[in-house]
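If you're wondering where the values come from, they're calculated on a predicted model, not measured in any experiment. In listed order, ligands and their atoms are each counted from 1.
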Amino acid sequence: MTPQAKQWLSEARRIAVLTGSGISAESGVPTFRGQDGLWRTHRPEDLATPEAFARDPKLVWEWYDWRRSIISKVEPNPGHFALASLEDRSPDFQLVTQNVDGLHERAGSRRVHHLHGSIWRVRCTECGAENNDGRVPMPVIPPRCGCGALVRPGVVWFGEPLPGKAWMEAERAAAACDLLIVAGTSAQVYPAASLVPLAARGGARIIEINLEETPLSGVAGLALRGKAGEILPQLIS
Ligand code: NAD
Ligand code: ZN
């Protein structure tokens with residue numbers, strides 16, 4: 001932990017945080033990019049798409065059922081908890097996440113802007129009926145709505161637009177913050193990754209926390225290499 005990172009945090013009045021799957025990796029949730037990313041030799045990029053669901057809804061649901069079963073058994077880690085306590089003590093704090101696992105809320109974060117939906121929500125592909133469904137395993141795969149049509153996971157797939165309200169709040173937070181902390185994202189998924197240059201154009205300081213270099217590392221004034229579950233608690237202590 002560099003003293004400068006702590007100083008930036010203490011000087012910040014408007015803090016925004018962008019998280020990606022790396023922050024949940026230490027809880028035991030596989031990331032998309034990396035060694036754990038494979039499931040039955042399918043790549044996530046080939047399953048998390050509207051085309052994959054149209055082609056083989058059963059396969060896509062089996063993958064989501066597997067991911068839901070993992071997430072249902074894990075706990076938030078010190079990285080999630082550190083962000084929840086940062087929210088508690090910061091008058092102006094916005095948390096934007098690309099994660100669908102719900103671990104930020106389980107750690108106590110209250111205002112979370114979900115750019116990519118939730119793995120615990122489901123939505124009818126015909127009538128649009130949407131609700132929470134935490135059943136693990138899903139009793140019937142693929143599940144169907146009362147109207148008879150297929151039900152899909154309530155997440156945003158590659159190539160789909162982001163939920164308008166969450167994206168608007170995220171853009172507003174990025175443009176207005178004076179410090180943006182970017183933790184555990186490969187910064188390869190757009191438009192989420194564009195929040196970082198947006199914050200930089202607005203004059204924000206940027207701290208990146210990641211195991212490795214990413215396309216954003218050049219934009220970040222400070223790039224902290226290591227585990228989010230170790231660095232975040234040190235940063236806010
Ligand atoms: P990604 O899988 O593309 O990248 C993960 C990043 O996290 C990598 O850059 C990696 O170096 C870093 N990382 C891994 N472990 C880390 C740790 N302990 N500490 C700090 N950094 C660590 O993830 P992404 O950027 O979030 O984008 C992929 C998409 O996948 C997102 O849209 C997201 O919705 C989805 N996704 C979500 C979950 C989840 O909800 N937990 C899991 C997998 C994928
Ligand atoms: Zn329906």
Side-chain angles (χ1 to χ4, degrees), residues 18-39 43-45 47-49 63-64 66-68 70-72 74 76-80 82-83 96-107 112-131 142-160 162-163 166 170 181-196 207-217 220 223-235:
L18 172 65
T19 63
S21 66
I23 196 168
S24 296
E26 288 158 76
S27 292
V29 183
T31 58
F32 274 9
R33 293 175 184 79
Q35 291 175 341
D36 299 333
L38 296 179
W39 172 78
R43 293 165 57 230
E45 295 89 331
L47 291 165
T49 68
W63 180 57
Y64 276 92
W66 172 73
R67 293 179 60 203
R68 285 160 59 107
I70 294 174
I71 294 168
S72 69
V74 307
N77 68 57
H80 298 107
L83 292 178
V96 179
T97 189
Q98 301 169 80
N99 294 347
V100 296
D101 54 34
L103 290 177
H104 283 304
E105 281 89 347
R106 285 179 54 199
V112 187
H113 306 300
H114 283 274
L115 294 183
H116 294 161
S118 165
I119 203 162
W120 301 114
R121 285 187 78 73
V122 296
R123 186 167 77 244
C124 176
T125 53
E126 283 295 329
C127 73
E130 190 172 331
N131 51 285
R144 287 190 179 271
C145 176
C147 80
L150 279 175
V151 161
R152 59 166 281 177
V155 300
V156 176
W157 283 327
F158 293 110
E160 292 186 318
L162 304 193
I181 300 172
V182 187
T185 173
S186 66
Q188 288 178 33
V189 177
Y190 278 82
S194 71
L195 293 171
V196 182
I207 300 177
E208 177 187 61
I209 301 171
N210 200 303
L211 294 178
E212 54 192 36
E213 199 167 317
T214 75
L216 297 180
S217 303
L224 306 178
R225 293 280 158 263
K227 293 182 175 178
E230 292 171 4
I231 293 179
L232 279 168
Q234 288 168 22
L235 180 62

A192 contact mode with ligand 1 (heavy-atom cut-off under 4.0 Å): neither

For atom 16 (C) of ligand 1, the protein heavy atom that lies nearest, with its residue and separation: G22 O, 3.4 Å

G184-ligand 1 polar pair, N/O distance under 3.5 Å: yes

Sub-3.5 Å N/O-N/O distance, T185 and ligand 1: yes

Any E26 heavy atom less than 4.0 Å from ligand 1: yes

Spacing of CD belonging to E26 relative to NZ belonging to K227, to within rounding of 0.5 Å: 5.5 Å

Protein heavy atom at shortest distance from atom 32 (O) of ligand 1: H116 ND1, 2.6 Å

Derivation and outcome, side-chain contact (heavy atoms from CB on, under 4.5 Å), residues L83 and I23: CA-CA 11 Å; L83 292 178; I23 196 168; 3.6 Å; yes

Polar proximity ligand 1 side, S21 side, N/O cut 3.5 Å exclusive: yes

Side-chain donor or acceptor of S27 paired with backbone N/O of V74 under 3.5 Å: no

Numbered atoms of ligand 1 (with element) below 4.0 Å of V100, judged on heavy atoms: 39 (C), 40 (O)

N99 (side chain) donor-acceptor with D101 (main chain) under 3.5 angstrom: no

NZ or CZ of R152 within 45° of W157 ring axis and under 6.0 Å: yes

Separation of Y190 OH from L195 CG (nearest 0.5 Å): 10.0 Å

Which of the ligand 1 atoms, numbered from 1, are nearer than 4.0 Å to a heavy atom of G226: 19 (N), 20 (C)

Crowding at CD, E126 (>12 non-hydrogen neighbours, <6.0 Å): no

Heteroatom proximity flag, V29 to ligand 1, N/O under 3.5 Å: no

H116 and its side-chain contact (heavy atoms from CB on, under 4.5 Å) partner, picked from V155, L162, T97: L162

Nearest-neighbour protein heavy atom for atom 34 (O) of ligand 1, which is reported as residue plus atom name and distance: Q98 O, 2.4 Å

Value rounded to 0.5 Å, distance of CG in L211 from OG in S186: 11.5 Å

Shortest protein contact, atom 28 (C) of ligand 1 (heavy atom only): R33 NH1, 3.5 Å

Subset of ligand 1 atoms that lie under 4.0 Å from at least one heavy atom of E212: 11 (O)

Nearest-neighbour protein heavy atom for atom 35 (C) of ligand 1, which is reported as residue plus atom name and distance: F32 CE2, 3.8 Å

Distance-only polar pair, side chains of S24 and H104, donor-acceptor under 3.5 Å: no

Partner of H114 by side-chain hydrogen bond (donor to acceptor under 3.5 Å, both in side chains), out of R121, E105, Q98: E105

Heteroatom proximity flag, A228 to ligand 1, N/O under 3.5 Å: yes

Member of L103, V100, N77 meeting the side-chain contact (heavy atoms from CB on, under 4.5 Å) criterion with V29: L103

For atom 9 (O) of ligand 1, the protein heavy atom that lies nearest, with its residue and separation: N210 ND2, 3.0 Å

Closest protein heavy atom to atom 15 (N) of ligand 1, given as residue, atom name and distance to 0.1 Å: L211 CD1, 3.4 Å

Ligand 1 atoms in contact with G20 (distance to a heavy atom under 4.0 Å): 26 (O)

Apex the Zn ion (ligand 2) - arms SG from C147 and SG from C145 - angle rounded to 10°: 110°

N/O separation below 3.5 Å, V189 to ligand 1: no

Worked check of side-chain contact (heavy atoms from CB on, under 4.5 Å) between E208 and R225: CA-CA 8 Å; E208 177 187 61; R225 293 280 158 263; 3.3 Å; yes

Atom 41 (N) of ligand 1: the protein heavy-atom neighbour that sits closest, reported with distance to 0.1 Å: D101 OD2, 2.7 Å

P30: numbered ligand 1 atoms lying under 4.0 Å from its heavy atoms: 42 (C), 43 (C)

Straight-line distance of S72 OG to I119 CD1, nearest 0.5 Å: 10.0 Å

Those atoms of ligand 1 less than 4.0 Å from some heavy atom in A25: 15 (N)

